[in-house]
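Basis for what follows: all heavy atoms, side chains included, without hydrogens, waters or symmetry-related copies.
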There are 4 protein chains.
Amino acid sequence: MSVHARKRRAALDRERRREQIVDAAVEVFAGKGYRAASIADIIEKAGVARGTFYLYFTSKEEAFNAVLDRFHARYRAMAARETARNYKNPIGLEKRLRASLLEWLRFLLEDPKLTTIVFRQAAAVDPDYEEKYLEILRAAQAHSIKAIRFLQTIRVLRADLDPGFLNAVFYGTTMQIVLRAIADSRAPDLEAIADQWIRLLRAGVLRARAK
Amino acid sequence: MSVHARKRRAALDRERRREQIVDAAVEVFAGKGYRAASIADIIEKAGVARGTFYLYFTSKEEAFNAVLDRFHARYRAMAARETARNYKNPIGLEKRLRASLLEWLRFLLEDPKLTTIVFRQAAAVDPDYEEKYLEILRAAQAHSIKAIRFLQTIRVLRADLDPGFLNAVFYGTTMQIVLRAIADSRAPDLEAIADQWIRLLRAGVLRARAK
Amino acid sequence: MSVHARKRRAALDRERRREQIVDAAVEVFAGKGYRAASIADIIEKAGVARGTFYLYFTSKEEAFNAVLDRFHARYRAMAARETARNYKNPIGLEKRLRASLLEWLRFLLEDPKLTTIVFRQAAAVDPDYEEKYLEILRAAQAHSIKAIRFLQTIRVLRADLDPGFLNAVFYGTTMQIVLRAIADSRAPDLEAIADQWIRLLRAGVLRARAK
Amino acid sequence: MSVHARKRRAALDRERRREQIVDAAVEVFAGKGYRAASIADIIEKAGVARGTFYLYFTSKEEAFNAVLDRFHARYRAMAARETARNYKNPIGLEKRLRASLLEWLRFLLEDPKLTTIVFRQAAAVDPDYEEKYLEILRAAQAHSIKAIRFLQTIRVLRADLDPGFLNAVFYGTTMQIVLRAIADSRAPDLEAIADQWIRLLRAGVLRARAK
DNA sequence: CATGAATGAGGCTTCATTCAT
DNA sequence: CATGAATGAAGCCTCATTCAT
């Protein structure tokens with residue numbers, strides 16, 4: 001094997017090894033939270049030696065950041081697809097909105113452990129890693145609010161609702177649905193949930209009364 | 001002073017001292033989270049000696065449970081008042097719903113540190129104190145879902161929306177609003193938020209289109 | 001016992017405990033040097049628990065500084081006595097110089113382990129604790145050079161010798177004598193050494209030749 | 001190329017590689033001391049791989065010994081030249097002594113890093129490599145004392161001064177001068193220092209008094 | 001020979017809990 | 001009851017050495 005080929009292979013191996021440790025870290029951080037998770041837990045689950053961990057991460061915090069990065073990368077890809085969608089055409093609007101909600105739910109439930117970690121930090125405010133997390137959070141919020149404003153501009157969403165409030169509704173509700181699904185560790189009927197969402201979005205929750 | 005009176009006084013003092021420590025614990029747990037909070041932090045803030053802490057709590061976990069208990073007690077009182085309300089009369093329904101939402105927001109923002117602690121654990125699932133927290137959570141969920149079902153029965157809420165879903169909407173959205181208000185550490189305009197809620201509940205978020 | 005008396009006693013105990021740990025630290029640092037010495041070595045020798053060490057010192061480095069402080073305090077006391085001495089009177093000058101040399105040797109050999117630690121650092125340049133050590137070193141050098149200049153002023157020492165050079169002679173030679181005595185772990189004949197010093201100081205080392 | 005020639009060339013290459021690592025080791029040990037120096041430091045400076053280091057040295061300690069060996073070899077060469085010198089002729093004695101002192105100072109300052117390492121260990125007594133160092137030290141002392149005795153025999157040096165004491169004066173003073181010059185990292189005026197030495201040797205340091 | 005990923009013993013420090021005063 | 005010194009298990013991280021490629 002040529003030197004070049006060997007180096008390339010080594011790089012691949014290195015990346016693979018790193019992923020193997022991140023996989024373990026996801027499991028452990030999801031199970032115990034950042035503080036309670038120990039390096040011992042991670043290396044045991046990853047099946048590597050203590051020193052090996054530090055070949056790939058300089059600290060526990062960096063490993064945690066790698067976990068958040070993994071989520072962030074997937075999130076960005078998802079958000080990019082989302083943005084590409086065209087809401088301009090009013091025909092089939094609800095159908096597309098429903099599809100979009102479903103996709104987000106599927107995305108968040110695809111790797112439940114990873115989602116747990118990220119959502120958990122929503123409130124955790126741990127001074128140790130707030131930085132990285134807040135970066136992700138801000139990006140997500142900005143994306144969300146921008147989308148809401150756009151939908152208001154093109155008159156899909158009513159303009160008399162505050163984007164911040166709507167964002168709280170979307171984000172908070174989704175978070176609840178996902179965390180509960182994960183806690184119950186059973187696959188929820190996402191189609192039914194999407195239907196519920198559409199009903200809510202379309203007509204609120206109050207029973208129409210005779211005027 | 002009679003023996004009986006002395007004992008009562010001692011009990012009162014004891015209770016007062018305990019509250020003093022719980023006060024400190026609320027501050028510290030809110031500021032750092034359960035794991036990062038140390039007994040040293042708590043006793044320093046409470047102004048008691050290390051040993052004294054263990055005269056009132058057998059462990060850090062028990063002190064945390066006392067904090068959750070404090071929230072739980074206040075929550076039960078709030079829920080009791082809520083339940084006493086009468087939704088039967090359709091006259092002024094929205095006004096009463098609005099008042100109710102406002103009251104919950106005010107309750108949750110009244111002691112922001114305490115609320116922070118409880119909501120933070122919503123996602124934290126720390127094996128150390130899950131027990132106590134889940135108890136509170138289950139009680140809250142049960143209360144909420146029961147209320148929703150009741151409102152559906154009396155035809156205030158539409159029956160085609162799943163109580164679990166509605167609960168996620170209420171709980172998740174409220175949690176987001178409250179946590180953000182606390183994070184921004186500025187008093188939000190609760191009246192305006194209540195108005196937003198009512199608009200959402202009444203007619204959803206989608207702009208009505210020509211049929 | 002009154003609260004005040006108890007506190008005073010506690011303070012005494014605390015000081016005593018601290019000294020006990022510093023005693024152990026002196027032994028260990030003298031035996032292995034700063035880097036090779038471990039906290040485990042020190043606490044074992046001191047007969048205290050691991051945590052106890054950190055009640056008195058925030059780090060290994062601080063314990064080392066405490067050791068240097070001990071030397072520094074003794075050194076300052078010694079230098080103060082030295083300075084008080086009067087060299088003005090030319091009568092009995094050599095006798096007083098001899099007494100002074102003897103005192104320094106005795107001082108340095110009084111606690112050989114402590115002296116070893118300090119002299120070892122003369123060349124060790126360990127970035128970890130250089131700060132504290134250099135402070136001591138500079139103080140000693142300043143004291144020494146000042147004394148030399150004074151002795152030149154009052155015409156005890158010849159003025160055609162550079163104070164820096166003379167300082168190197170005094171300091172270097174003394175260091176050698178002391179380190180060797182410690183290495184051989186036998187008490188040297190200090191009187192004889194003092195005599196050698198006086199002979200050197202008085203007439204150099206070269207045999208007088210016929211002019 | 002013949003097998004023999006190839007082997008010789010390989011041996012040369014091997015020797016060159018080894019020297020390259022020793023060069024790096026000198027830098028690193030001088031900069032950080034034995035304990036704080038890491039293999040990582042050495043191989044980085046030498047530009048070789050981790051495993052390569054262990055092809056030339058079985059351990060960190062052995063690399064350190066190689067460094068000491070380098071000094072020892074140079075020292076022996078220097079001492080040999082020194083011994084060859086003829087002090088018998090009293091004519092120009094001081095001039096020759098001065099030349100000799102100058103040569104030693106130059107030798108010690110020629111490779112300051114190497115000298116730093118060796119002198120540093122004078123006091124360091126690190127159990128890890130005491131063996132090798134003490135060997136060098138004993139050789140140096142023996143050489144020095146033998147030279148002193150010889151100079152006393154031929155009546156260059158006074159016989160009433162103890163060779164051990166004189167050795168401490170020479171060794172200790174030189175060490176101080178050299179270490180300080182290195183620490184100040186400026187080339188000292190060696191000629192002036194030699195003059196100071198001669199003055200000291202010739203007539204001591206005390207100002208002659210009227211008898 | 002050269003490489004560098006992997007190893008794990010060992011070091012420093014923290015902190016919940018105990019207990020003698 | 002109150003105190004705070006003492007404890008030691010447990011956690012994070014480093015680094016000399018090994019070994020498969």
Side-chain angles (χ1 to χ4, degrees), chain A residues 1 3 5-7 9-11 13-14 17-18 35-43 47-63, chain B residues 10 13-14 17 35-43 47-63 128, chain C residues 1 3 5-7 9-11 13-14 16-18 35-43 47-63 128, chain D residues 10 13-14 17 35-43 47-63 128:
Chain A
M1 206 190 304
V3 169
R6 202 190 313 154
K7 276 206 175 164
R9 213 192 68 123
D13 285 355
R14 190 174 160 79
R17 182 71 107 175
R18 197 186 141 95
R35 303 294 288 218
S38 75
I39 304 290
D41 294 329
I42 295 173
I43 63 175
V48 301
R50 198 162 281 273
T52 305
F53 175 88
Y54 287 94
L55 285 179
Y56 294 89
F57 306 97
T58 62
S59 66
K60 177 174 157 181
E61 186 185 345
E62 200 183 283
Chain B
D13 285 356
R14 188 174 161 80
R17 183 76 107 166
R35 301 294 291 213
S38 73
I39 304 291
D41 294 328
I42 295 173
I43 63 174
V48 301
R50 195 163 274 268
T52 305
F53 176 89
Y54 285 90
L55 290 176
Y56 293 89
F57 306 97
T58 62
S59 68
K60 179 175 163 182
E61 187 185 345
E62 199 183 286
D128 285 334
Chain C
M1 207 192 300
V3 170
R6 201 187 314 152
K7 277 204 174 165
R9 213 191 68 121
D13 284 356
R14 189 173 161 79
R16 211 172 295 149
R17 182 71 106 178
R18 196 186 141 95
R35 301 295 287 219
S38 75
I39 305 290
D41 294 328
I42 296 173
I43 63 174
V48 300
R50 199 161 279 272
T52 305
F53 175 89
Y54 286 93
L55 285 179
Y56 294 89
F57 307 97
T58 63
S59 66
K60 178 173 158 180
E61 185 184 347
E62 199 183 285
D128 283 336
Chain D
D13 284 356
R14 188 175 161 80
R17 183 76 110 166
R35 301 295 292 213
S38 71
I39 304 292
D41 294 327
I42 296 173
I43 62 174
V48 301
R50 195 162 276 267
T52 306
F53 175 89
Y54 285 91
L55 290 176
Y56 294 89
F57 306 97
T58 62
S59 68
K60 179 175 163 180
E61 187 185 344
E62 199 182 286
D128 285 334

Under 4.0 Å, counting only non-hydrogen atoms across every strand here, what does A:Y56 touch: a base, just sugar-phosphate, or nothing?
sugar-phosphate
Which letter, B, S or -, goes with each nucleotide of nucleotides 13-20 of chain F from 5' to 3', with contact meaning a protein heavy atom under 4.0 Å?
BBBBBB--
With A:S38 via side-chain hydrogen bond (donor to acceptor under 3.5 Å, both in side chains) - residues at least two apart
A:D41
Pairing residues for B:T58 by the side-chain hydrogen bond (donor to acceptor under 3.5 Å, both in side chains) criterion, not counting sequence neighbours:
B:E62
Sequence neighbours excluded, which residues qualify as ring pair (Phe, Tyr, Trp, His ring centres under 6.0 Å) partners of B:F57?
B:F53
Degree of bending, the helix from E:dA2-F:dT21 to E:dT21-F:dA2 (end axes from five pairs; round to 10°):
10°
Looking at every heavy atom in both C:R50 and C:A40, which two are closest together, and how far apart are they?
NH2-CB, 3.5 Å
Before giving the answer on side chain to side chain contact (heavy atoms under 4.5 Å, CB included), spell out for D:L55 and D:R17 the whole-Å C-alpha distance, their side-chain angles and the decisive distance to 0.1 Å.
CA-CA 10 Å; D:L55 290 176; D:R17 183 76 110 166; over 6 Å; no
Taken to the nearest whole Å, CZ/A:R14 to P/F:dT21 is 18 Å
For C:Y54, enumerate each residue passing the side chain to side chain contact (heavy atoms under 4.5 Å, CB included) test, keeping only those at least two apart in sequence or located in another chain.
C:I39
How many whole angstroms separate atom CZ of A:F57 from atom P of F:dC12?
15 Å
If you take all heavy atoms of D:R35 and C:R35, which pair is closest and at what distance?
CB-CB, 3.2 Å
For the residue pair A:R18 and A:Y56, what are the closest heavy atoms and their distance?
NH1-O, 3.4 Å
For C:R17 and F:dG4, what is the distance between atoms CZ and P respectively, to the nearest whole Å?
17 Å
